[in-house]
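Note that the structure is a prediction, hence the values are computed from the model and not measured. First listed ligand is number 1; within each ligand, the first listed atom is number 1.
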Amino acid sequence: MIEGKKMLVVSAHAADYVWRSGGTIAKYIKHGAQVHVVVLSFGVRGESNDLWKKEGATAESVKAERFAETKAAAGILGIENIEFWDLPDYPMSPALDEAARLRMVTKIREVAPDIIITHDKNGEDVLNPDHNAVSRFVFECSIQANSNGVRIENTKTTRQMRLFGFEPHQTELSRFVPDQLVDISEVYDQKVEAMKCFKAQKHLIEYYTQRAFLRGNHLRRISGNQTYKYGESFSSVFPVAGDELV
Ligand SMILES: [Zn+2]
């Protein structure tokens, strides 16, 4: 049941949440979930190569373009709650300090999410150490948010939430194993339109449309539901817990 669910998505760079979870986000919003997105950095140094080819490009001009692109993509996906922390990237890990940690724990407690989606739990993204750092950072902050002993004024300890990892770009090289497949067929066109906003990373649009098609194949094979055409996959930090095997 998606309606009423609260989801927090934490994206290391401006476009990560769109490539890897844009369909799932749009689907959750369409079906009545509350979705909050935190974009930690604009990816000015590491994920804006094409923008730097423009004559006279500066860090400020690249950042402004990335901001406009990701705002436009968020609008297409129906995201109303999005914030930009504007941390440095490549590397990001020095900026994930105590102040950032306090801010993230507070954010998690404000949203009180049923679900957090961020970079893959294994922390083995073979080409992107920022993604690994954010994976660890969000995991640790979620544990802190759930701990009564972590006292932050005007915040309430959260309950254990489900925590999922994005499929990284180099899936096999990063030893990513999909634990969850989500059908995004009904919002697939929205995802494609959102991806088109990112002019600095045009080469990724075709890649992620192919990836959605591949995951659609897995969805049909495993579920038996032939209406599934396109999908996204996620890793799961925690096992499913309940009365029976599901
Ligand atoms: Zn990234």
Going by atom type alone, with no hydrogens or angles, which donor-acceptor pairs under 3.5 Å involve a side-chain atom of residues 181-188 and a protein atom two or more places apart or on another chain?
{"from": "Asp183", "atom 1": "OD1", "to": "Ser185", "atom 2": "N", "distance (Å)": "3.3"}
{"from": "Asp183", "atom 1": "OD1", "to": "Ser185", "atom 2": "OG", "distance (Å)": "2.6"}
{"from": "Ser185", "atom 1": "OG", "to": "Lys229", "atom 2": "N", "distance (Å)": "2.8"}
{"from": "Ser185", "atom 1": "OG", "to": "Tyr230", "atom 2": "N", "distance (Å)": "3.1"}
{"from": "Glu186", "atom 1": "OE1", "to": "Lys30", "atom 2": "NZ", "distance (Å)": "2.9"}
{"from": "Glu186", "atom 1": "OE1", "to": "His31", "atom 2": "NE2", "distance (Å)": "2.9"}
{"from": "Glu186", "atom 1": "OE2", "to": "His31", "atom 2": "NE2", "distance (Å)": "3.3"}

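Salt bridge Lys107/Glu83: present, at least one basic N to carboxylate O contact under 4.0 Å.
Counting heavy-atom neighbours within 6.0 Å of Phe213 CZ, excluding the residue itself, gives a total of 12 or less.
Listed by first then second residue, pairs satisfying ring-ring contact (aromatic ring centres under 6.0 Å, His included) with a partner in residues 86-106 read His13-Tyr90, not counting sequence neighbours.
The Zn ion (ligand 1) sits nearest to atom ND1 when only the N, O or S atoms of His13 are considered. Closest to the Zn ion (ligand 1) among the N, O or S atoms of Glu47 is OE2.
At a cut-off of 2.8 Å, Asp130 does not coordinate the Zn ion (ligand 1) through any N, O or S atom.
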